[in-house]
Q: 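Got a structure for you, questions after.
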Amino acid sequence: MTKVRVRFAPSPTGPLHMGGVRTALYNYLFAKKQGGDFLLRIEDTDQNRYVPGAEDYIMESLRWCGIHWDEGPETGGPFGPYRQSERKDLYRQYAMQLIESGKAYYAFDTPEELEAMRQRIEAEKSGNPQYDSRSRLSMKNSLTLSEEEVAQKIARGENYVIRIKNPEDEEIVLEDLIRGTVKVHSWQLDDKVLFKSDGMPTYHLANVVDDYLMKITHVIRGEEWLPSAPLHVLLYRSLGWEAQMPRFAHLPLLLKPDGNGKLSKRDGDRLGFPVFPLQWKDPKSGETSSGYREAGYFPEAFVNLLALLGWNPGTEQEIFSLDELVEAFSLDRVGKSGSKFDPEKAKWFNHQYLLQKPLQDLGRELKEIAQAKGIDAREEQLTSIAGLMRERVNFTTELFGQAGFFFSAPKEYDEAFAKKRWKEDTPAILLDLTSVLENLQAFTAEAIHKAIHTFMEENGIGAGKLMPGLRLALVGSGMGPDLSEIMDILGKQESLQRIRRAAETLKA
RNA sequence: GGCCCGUUCGUCUAGGGGUUAGGACGCAAGGUUUUCAUCCUUGUAACAGGGGUUCGAAUCCCCUACGGGCUACCA
């Protein structure tokens, strides 16, 4: 049995979309589950669309997700280079091989002539408006021109492309691991350009050549490639590599949360969620797109939610570490239909991870955020705050946002809440309480809790009469965690100060 | 337009001839709580439509509808 080898082959034309990350993830999971290799290959055959920084962005994104490749650019490997622009010279010989075996041909048509051909067919309704086994007979190519003319044109340096010569009447059948048998008639197929006039191959040629040379066993890619899969089958056949042809698996698409269609950057902007793993600043427009990392997502949560979009384990487990995903993953549990992305559930996933995280990690993270904000706080204290607050929020960043009262005393008091709960006698009661608290030796949550309840009992005061006012004094609003816990973290001095200040300044 | 792919609660999905069609997110109600949130309990809600095949169809087949993808010297 040959070793499984799969690849993720993005084009560096911009930031990696979360759908792309999912494709990479499924490739990775499949490879690791099978004990195989996962490689990264950069498909940069289109010089016009190259975007500086995109390649680094792709690699950083995958690293952030914990998706590590066994071979790739910079990493290297026995089948390198892993950047198609650096493999440029390889492709020409295969294109020539196809010409020589009569499986491909030269074409000299200008863009205008191509356009004219499409319009003509459209008008005549004589077939598909494409360069195919029928229309190629009326175009300028090595099928219609004499050998001398062709040689002459090439010698003169005229622009030409190399096109595949599709069979006229043949049914191409392929077995997709996700979709089953897919059949297409060759007369529906376009004689796709394999080799461009700029000396670069197109995706179709480069992808087949590289997958063959790199001994790829499974091609797992997005559904948008399904229509050209028969062409690729034909290419393997034409190159004499059919026996080594990889198995195909075409993944369903990630759809926008509302309405229909592919998830796009626009949807993220419109609905307020990131579409990219990492923040991206477009080098041309300077426009910034938000990323999951910057939005406060844990990479584990991001990977987890992505994995469950289109795949499920067949059990009721929803929370998976990357290792668990590897263990559980299989292509036959990948669905056939597109998945709408649900930003709400995405948050829920992060919440689950926030709950699981060791408190020390959260404390450390909070310390960083605090420092960036210029707030001075001990990490130990921040760790306690994290423990107290995390179940109420979805993100570490939010956690900090809702804990502001720990760092500065209330500047104002929630009016509506005060109106309802701050009574004539509240200040007096609170001041009485301060003397009890003042005498506490150990100012711990437990001791405070006890003291408050003893105080209430002894004075015949109900919790509803004391607590809301106390909360208002300490927090400034009617929200937040347990008051004893808050005071514990605040410390005796600060707690008492806040209570006294409220008692003095707040009128019923 | 042509070709290809798809269709189970609002969303992610399980189930693939006989199920009260299951779970999760969301939403709603109730409970707990000094408050908000969490949490717990309960509820809400789906087999696109029509024909077959079959004793029996969400499940198999066909058609229709709808949705999506592709249709470049882009990937």
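Heavy-atom basis, side chains included; hydrogens, waters and symmetry copies ignored. Residue numbers begin at 1 in each chain, while the letters A, B, ... track the order of the sequences.
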Q: With a non-hydrogen cut-off below 4.0 angstrom, is A/Asp482 in contact with a base, only sugar-phosphate, or nothing?
A: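 Base contact.
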Q: Round to a whole Å and report the spacing from CH2 of A/Trp187 to C1' of B/rC4.
A: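 In whole Å, B/rC4 C1' lies 13 Å from A/Trp187 CH2.
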Q: Less than 6.0 angstrom separating the ring centers of A/Trp311 and A/Phe329, yes or no?
A: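 A/Trp311 vs A/Phe329: aromatic centres under 6.0 Å.
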Q: Measuring only the C1' atom in each nucleotide, how far is B/rU44 from B/rG10? A whole number of Å is fine.
A: 11 Å
Q: Calculate the interatomic distance between A/Glu223 atom CD and B/rU71 atom C1'; express it in whole Å.
A: 15 Å
Q: Please evaluate the base of B/rA72 for a donor-acceptor partner in the side chain of A/Lys192 within a cut-off of under 3.5 Å?
A: no
Q: For a quick check of understanding: with a heavy-atom distance under 4.0 Å over all strands, which category does A/Ser228 fall into, base, sugar-phosphate or nothing?
A: nothing
Q: What is the nucleic acid contact for A/Arg333, judged by heavy atoms within less than 4.0 Å: base, sugar-phosphate only, or nothing?
A: sugar-phosphate
Q: Under 4.0 Å between any heavy atoms, over every strand shown, what does A/Gly464 touch: base, sugar-phosphate, or nothing? Just pick one.
A: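 The residue A/Gly464 makes no contact with any strand.
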Q: Name the nucleic acid region contacted by A/Pro252, choosing base, sugar-phosphate or nothing; use a 4.0 angstrom heavy-atom cut-off, strictly under.
A: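 No contact.
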Q: Quantified in whole Å, what is the P atom distance between nucleotide B/rG26 and nucleotide B/rU59?
A: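 Pairwise P distance, B/rG26 against B/rU59, rounds to 32 Å.
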Q: Name the nucleic acid region contacted by A/Thr13, choosing base, sugar-phosphate or nothing; use a 4.0 angstrom heavy-atom cut-off, strictly under.
A: nothing
Q: Quote, to the nearest angstrom, the C1' distance that separates B/rC47 from B/rC60.
A: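 To the nearest whole Å, 15 Å.
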Q: Classify A/Gly314 by what it touches in the nucleic acid, base, sugar-phosphate, or nothing, heavy-atom distance under 4.0 Å.
A: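 Answer is nothing: A/Gly314 stays at 4.0 Å or more from every strand.
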Q: With sugar-phosphate meaning primed atoms plus P, OP1 and OP2, does A/Lys262 contact a base, only sugar-phosphate, or nothing at under 4.0 Å between heavy atoms?
A: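 If one applies the 4.0 Å heavy-atom cut-off, A/Lys262 turns out to touch the sugar-phosphate alone, with no base involved.
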Q: With sugar-phosphate meaning primed atoms plus P, OP1 and OP2, does A/Val193 contact a base, only sugar-phosphate, or nothing at under 4.0 Å between heavy atoms?
A: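 Here A/Val193 touches the backbone only, sparing every base.
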Q: Choosing from B/rG69, B/rA24, B/rC73, which nucleotide comes nearest the side chain of A/Lys196?
A: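 Output: B/rC73.
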Q: Applying the Watson-Crick and G-U wobble criteria at under 3.5 Å, what pairs with B/rU38? Answer none if nothing qualifies.
A: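 The answer is none; no pair meets the criterion.
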Q: From C-beta outward on A/Glu316, which listed nucleotide comes closest to its side chain: B/rG23, B/rG2, B/rU38?
A: B/rG23
Q: Over how many whole Å does the gap from A/Gln352 atom CD to B/rC12 atom C1' extend?
A: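 These atoms are roughly 15 Å apart.
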Q: Answer yes or no on whether A/Lys153 is positioned over the face of A/Phe108, meaning its NZ or CZ is under 6.0 Å from the six-membered ring centre and within 45° of the axis.
A: yes
Q: By nearest heavy atom, map A/Asn312 and A/Gly261 onto RNA chain B; which one lands nearer the 5' end?
A: A/Asn312
Q: When the C1' atoms of B/rU20 and B/rU11 are compared, how many Å lie between them, rounded to an integer?
A: 24 Å
Q: Taking the six-membered ring of A/Phe341 (Phe, Tyr or Trp), confirm whether the NZ or CZ of A/Lys256 is under 6.0 Å from its centre and within 45° of its axis.
A: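 Judged by the rule, A/Lys256 and A/Phe341 form no cation-pi pair.
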Q: Can you tell me how far P of B/rA14 sits from CH2 of A/Trp311, to the nearest Å?
A: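 About 11 Å, once rounded to whole Å.
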Q: Once you apply a heavy-atom cut-off of 4.0 Å, does A/Val182 come out as touching a base, just sugar-phosphate, or nothing?
A: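 Counting heavy atoms under 4.0 Å across all strands, the contact made by A/Val182 is with sugar-phosphate only.
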Q: Taking B/rA75 as the reference, what is the distance to B/rU19 when you measure between their C1' atoms (whole Å, please)?
A: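 The same atom, C1', in both gives a distance of 46 Å.
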Q: Are A/Phe302 and A/Tyr292 near enough that their ring centres are under 6.0 Å apart?
A: yes
Q: If you only use heavy atoms from C-beta on, which nucleotide in B/rG26, B/rC4, B/rU13 is closest to the side chain of A/Glu344?
A: B/rG26
Q: Let me spell it out: for each of A/Gly335 and A/Leu483, pick the nucleotide of RNA chain B with the closest heavy atom. Which residue's pick is nearer the 5' end?
A: A/Gly335
Q: Would A/Asp342 and A/Lys345 count as a salt bridge (charged side-chain N to carboxylate O under 4.0 Å, His left out) if you check the C-alpha gap in whole Å, the side-chain angles of each, and the deciding distance to 0.1 Å?
A: CA-CA 6 Å; A/Asp342 180 358; A/Lys345 190 146 187 183; over 6 Å; no
Q: Just checking A/Lys465: base, sugar-phosphate only, or nothing, at a heavy-atom cut-off of under 4.0 Å?
A: nothing
Q: Quantified in whole Å, what is the C1' atom distance between nucleotide B/rU7 and nucleotide B/rC12?
A: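 Pairwise C1' distance, B/rU7 against B/rC12, rounds to 15 Å.
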Q: Regarding A/Arg471, tell me which of base, sugar-phosphate or nothing describes its non-hydrogen contacts under 4.0 Å with the strands shown.
A: base
Q: A/Ser197 side chain: which of B/rU13, B/rC74, B/rC73 is closest?
A: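 Side chain of A/Ser197 sits closest to B/rC73.
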Q: Hey, does A/Arg163 reach any base, or is it just sugar-phosphate, or nothing, if we go heavy atoms under 4.0 Å?
A: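 Sugar-phosphate only.
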Q: Side chain to side chain donor-acceptor pair (under 3.5 Å), that's the test. Do A/Asn141 and A/Tyr131 meet it? Break it down for me.
A: CA-CA 11 Å; A/Asn141 53 50; A/Tyr131 212 117; 3.0 Å; yes
Q: Starting at CG of A/Leu255 and ending at C1' of B/rC5, how long is that distance when rounded to a whole Å?
A: 12 Å
Q: Hunt down the Watson-Crick or G-U wobble partner of B/rA14, both distances under 3.5 Å, from any strand shown, or write none.
A: none
Q: Kindly point out which of B/rG68, B/rC4, B/rG2 is positioned nearest to the side chain of A/Val184?
A: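 Selected nucleotide (nearest to the side chain): B/rC4.
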Q: Would you indicate whether A/Arg120, at its atom CZ, is surrounded by more than 12 heavy atoms from other residues, nucleotides or ligands within a distance under 6.0 Å?
A: yes
Q: Where the side chain of A/Pro227 is defined as all heavy atoms beyond and including C-beta, which of B/rC70, B/rU38, B/rU7 is the nearest nucleotide?
A: B/rC70
Q: Counting side-chain heavy atoms from CB outward, which of B/rC5, B/rU35, B/rG69 is closest to A/Arg179?
A: B/rC5
Q: Calculate the interatomic distance between A/Tyr91 atom OH and B/rA75 atom P; express it in whole Å.
A: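 Going from OH in A/Tyr91 over to P in B/rA75 covers 11 Å.
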Q: Record whether the side chain of A/Arg49 comes under 3.5 Å of the base of B/rC74 through a donor-acceptor pair of N or O atoms.
A: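 Answer is yes: a donor-acceptor pair is held.
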Q: Ring centroid separation for A/Tyr353 and A/Phe298, is it under 6.0 angstrom?
A: no
Q: Would you classify A/Asp176 as touching base, sugar-phosphate or nothing, given that sugar-phosphate means primed atoms plus P, OP1 and OP2, and contacts are heavy atoms under 4.0 Å?
A: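 Counting heavy atoms under 4.0 Å across all strands, no contact is made by A/Asp176.
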Q: Mind checking who B/rG6 pairs with, Watson-Crick or G-U wobble, both distances under 3.5 Å?
A: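 By the stated definition (distances under 3.5 Å), B/rC66 pairs with B/rG6.
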Q: Nearest to the A/Asp46 side chain among B/rC5, B/rG26, B/rC74, which nucleotide is it?
A: B/rC74
Q: Could you give the distance separating B/rG15 and B/rA28 at their C1' atoms, to the nearest angstrom?
A: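 Straight-line distance between the two C1' atoms is 27 Å.
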Q: I'd like the C1' distance from B/rC66 over to B/rG18, given in whole Å.
A: 31 Å
Q: Which nucleotide, B/rC12, B/rU35, B/rA75, lies nearest any side-chain atom of A/Thr45?
A: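 Nearest to the side chain of A/Thr45 among the choices is B/rA75.
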Q: Working note: A/Lys284 + A/Asp282, criterion salt bridge (charged side-chain N to carboxylate O under 4.0 Å, His left out); need CA distance, chi angles, decisive distance, verdict.
A: CA-CA 5 Å; A/Lys284 265 214 187 97; A/Asp282 189 276; over 6 Å; no
Q: Among the nucleotides B/rC5, B/rC25, B/rU38, which one has an atom lying closest to any side-chain atom of A/His351?
A: B/rU38
Q: For A/Tyr26, does the six-membered ring have the charged nitrogen or CZ of A/Arg22 within the cation-pi criterion, i.e. under 6.0 angstrom from the centroid and within 45° of the normal?
A: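 Yes; both conditions hold, so A/Arg22 lies above the ring face of A/Tyr26.
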Q: Which base sits across from B/rC27 as a Watson-Crick or G-U pair, both distances under 3.5 Å?
A: B/rG43
Q: Between P on B/rG1 and CD on A/Gln130, what's the gap in Å once rounded to a whole number?
A: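 Between P of B/rG1 and CD of A/Gln130: 17 Å.
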Q: Can you tell me the pairing partner of B/rU19 across any strand shown, Watson-Crick or G-U wobble, with both distances under 3.5 angstrom?
A: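 Base-paired to nothing in any strand shown.
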Q: For B/rA58, give the paired nucleotide (Watson-Crick: N1-N3 plus N6-O4 or O6-N4; G-U: N1-O2 and O6-N3; both under 3.5 Å), or none.
A: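 Partner of B/rA58: none found under 3.5 Å.
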